[in-house]
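The next block holds one structure in the form of structure tokens; read it before the comments.
Counting starts at 1 for both ligands and their atoms, in listed order.
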Amino acid sequence: MSILIANWKMNPDSLNKAELLFAQEIKNNTKHQIIICPPHIWLESLYKKYKKYIQKNIGLGCQNINHEENGAHTGEVSIKMIKDSGCKYIIIGHSERRATGETQEIINQKIQLTLKHKLTPILCIGEPMVIKQQGLQSVKNYLETQLIECLKNISLADKKQKIFIAYEPIWAIGNFAIQHLNQTEILEIKQSIELTLQNLFSTLNIHKTFKILYGGSVDEKNIKTFVGNNLMDGSLIGTSSLNPKTFQTICKQIN
Ligand code: PGA
């Protein structure tokens, strides 16, 4: 079973469209774990409408939370509000949020909070183009630092808890024309992430606790380069998740 996460970002622009998209994306799903991450504003309505489908292999996630449990944070949304809207997954540290100034320290606090409330963090990591141009070893070092800092002081009281790591090279996001990594490079990066996780969490079975996903211009033509067999455990999908037909085709491509 692969994990396919739809990151709708700031789309669609009405509840009607959100309901339609949600219904079409979860339709006929028996094979995969599908997690839909709509904008905050649609969460509660979607949860109420599709509650009976939101179970083990269909989940509701959100795209961000505040790093504090409550307080004077104008315009922000707290973890308890998110939890109350039926969300079980939270995207944390997406590069589009990091670009607004979100630090590794803040990301670390958000992960701690998410785990404390027994939800699953989807931690995004990924290098910018300048690091990619320095070669694969630089990419691995960059990701290692991100993981060390974002996962600092994290301990899992409940061994059943999961943490998803979404490797999304910044240069590949929303850039379908780019030359993507090949399977050998993907495998090498996955192994390097696993090694870092094993060093950080030596007492855990990291394959059980962590799921490693790929994201960045994933579509029905390239999904198999990244997901399946001993490649990544799933994908975080932006643009292609806004087209239900494409999303369904992606799901069908992998086993
Ligand atoms: P994309 O976005 O699929 O449009 O590249 C992925 C993401 O940013 O999560």
Below 3.5 angstrom, do we get any N/O pair linking [X] and ligand 1?
X    : answer
G216 : no
K9   : yes
S240 : no
F176 : no

Under 4.0 Å from a heavy atom of [X]: give me the atoms of ligand 1 that qualify, with their elements.
X    : result
G238 : 1 (P), 2 (O), 3 (O), 4 (O), 6 (C)
H94  : 7 (C), 8 (O), 9 (O)
I173 : 2 (O), 5 (O), 8 (O)
L236 : 9 (O)
S217 : 1 (P), 3 (O), 5 (O)

Distance-only side-chain donor-acceptor flag, [X] / [Y], under 3.5 Å:
X    : Y    : value
N64  : K110 : yes
H94  : E168 : yes
H117 : E69  : yes

Checklist entry - Is it the side chain (CB and beyond), the backbone, both or neither of N7 that lies under 4.0 Å from ligand 1, heavy atoms counted? => result side chain
Next on the checklist: Can you tell me which residue among Y53, W42, W8, Y47 is in a side-chain contact (heavy atoms from CB on, under 4.5 Å) with F22?
Outcome noted: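 It is W8, the one option of Y53, W42, W8, Y47 that forms the side-chain contact (heavy atoms from CB on, under 4.5 Å) with F22.
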